[in-house]
Amino acid sequence: SDYFDKRILIWNTIPASSGATPDVVVGKKSFYHNNAVIDEATLDSLYGMAISGSKLFVADYSNNRILIWNTIPTTNGASANVVLGAPDFVTGGTAAVDEANFRPCGVGVYGTKMVVCDAMNSRILIWNTIPTTNGASANVVLGAPNFVTGGTGGPTQKDFGGGEGLQVDSQGRIIFTDYNNDRILIWNTIPITNYASADIVVGPPNFISSGFGTSQTTLGNPESAVSDGTRLIVGDYGNHRVLVWKTIPTENGAPANFVIGQDNFVTATSGTSATKLNFPTSVFADGD
């Protein structure tokens, strides 16, 4: 996702050399085109995306909508098939607090379910089946007691801040980065009722604590977190590092096993080298 250029770039095969040219651009008519309108083929300040089977899901943040392509695009400027958060493709959505509007910052898919981080409203929305019609309403909300009340920002076991990243892993866990509260929240299964409590918190020792920290157990404004089904990997943005847990934590405040980007768990210096990082915003793991 190319945030400032308002587009997604696709390489049909993983490049084997530096500087490889992408094959397809999504969100623009060409690699050099500037968007002038909002429609079924444009994007604006996109944040997160996910792939499930042949479908592509994109959080079109500034347009307050999710776009779904039923097949991975193979031509430049391909049109999306479904829009959520707006009634149609030419009307931008709003961040209103209800079951059909949001400011999406991340999207995850597991089986037939779709999960979206609604950053501005401090909540997570869940669709029990992947929508096939425009403007479909969510079925479940987390972070708030109902669809017309925005979240409080937390920190509690049910409440959280705006959030920066969201993933649903291969085991059906929701992995959520509560950026404002310097923590990761984990739901071991996708909830089926509103305002369900998280099962595990990573970073603080409990659900009611928060605070920036640089140690083996604390985090500093984490932007992304993923699970490959076994391990937990966190992009600890404010500490210029990535933390890895060899197994998904089952207890609150569990310590990380090792750190990438720093020599130890108590330093947080940025750098430009093969061993340093500078505000890492996205992490991914394929299991190997």
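Small disclaimer: the values here were computed from a predicted structure and weren't measured. Hydrogens, waters and symmetry mates are skipped; everything else that's a heavy atom, side chains included, is used.
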Should [X] and [Y] count as side-chain neighbours, where that means a heavy-atom distance under 4.5 Å?
X	Y	value
Arg183	Phe160	yes
Lys29	Asn76	no
Glu99	Leu125	no
Leu43	Asn63	no
Phe31	Arg7	yes
Leu166	Val116	no
Pro191	Ile174	yes
Arg123	Val97	yes

Using only heavy-atom distances, determine whether the side chains of Tyr195 and Asp159 contain a donor-acceptor pair under 3.5 Å. yes
query: Does a donor on one side chain sit under 3.5 Å from an acceptor on the other, for Lys276 and Thr269?
result: yes
Donor-acceptor contact below 3.5 Å, side chain [X] vs main chain [Y]:
X	Y	result
Gln167	Ser227	yes
Gln216	Ala256	yes
Gln262	His240	yes
Asn121	Ala95	yes
Asn181	Gly153	yes
Ser122	Thr152	no
Asn257	Lys246	yes
Asp60	Asp44	yes
Thr133	Ala136	no
Asp118	Ile124	no

### Evaluation steps, side chain to side chain contact (heavy atoms under 4.5 Å, CB included), between Val168 and Lys113
CA-CA 10 Å; Val168 184; Lys113 294 179 181 284; over 6 Å; no
Calculate, to the nearest 0.5 Å, the distance between atoms [atom1] and [atom2] belonging to [X] and [Y] respectively.
X	Y	atom1	atom2	answer
Leu142	Asn194	CG	CG	8.0 Å
Asp178	Cys117	CG	SG	9.5 Å
Thr91	Asp39	OG1	CG	11.5 Å
Gln157	Phe207	CD	CZ	4.0 Å
Arg241	Ile260	CZ	CD1	11.5 Å
Tyr32	Asp5	OH	CG	12.0 Å

Checking [X] now: which residues fulfil side chain to side chain donor-acceptor pair (under 3.5 Å) with it, not counting sequence neighbours?
X	value
Asn70	Lys55
Ser209	Asn206
Thr218	Ser215

Does [X] belong to the same Ile/Leu/Val/Met/Phe/Trp/Tyr cluster as [Y], with side-chain heavy atoms less than 4.5 Å apart forming each link?
X	Y	answer
Val109	Ile190	no
Leu9	Leu46	no
Val107	Val82	yes
Phe147	Ile66	yes
Leu56	Val24	yes

With sequence neighbours left out, the residues meeting ring pair (Phe, Tyr, Trp, His ring centres under 6.0 Å) with Trp127 are Phe102
Hits for ring pair (Phe, Tyr, Trp, His ring centres under 6.0 Å) against Tyr47, two or more places apart or cross-chain, chain-then-number order -> Tyr3, Tyr61
Fill in: Neighbour count >12 (heavy atoms, 6.0 Å) for atom CG, Asp288
no
Report the C-alpha separation of Asn64 and Asn101 in whole Å, then their side-chain angles, then the decisive distance to 0.1 Å, and conclude whether the side chain to side chain contact (heavy atoms under 4.5 Å, CB included) test is met. CA-CA 7 Å; Asn64 299 293; Asn101 291 281; over 6 Å; no
Closest non-hydrogen contact found for Glu223 with Pro280 is CB-O, 4.3 Å
Cluster membership besides Ile175, Ile/Leu/Val/Met/Phe/Trp/Tyr side chains within less than 4.5 angstrom, sorted by chain and number, is Ile184, Ile186, Ile200, Val202, Leu219, Leu232, Val234, Leu243, Trp245, Ile248, Val259, Phe265
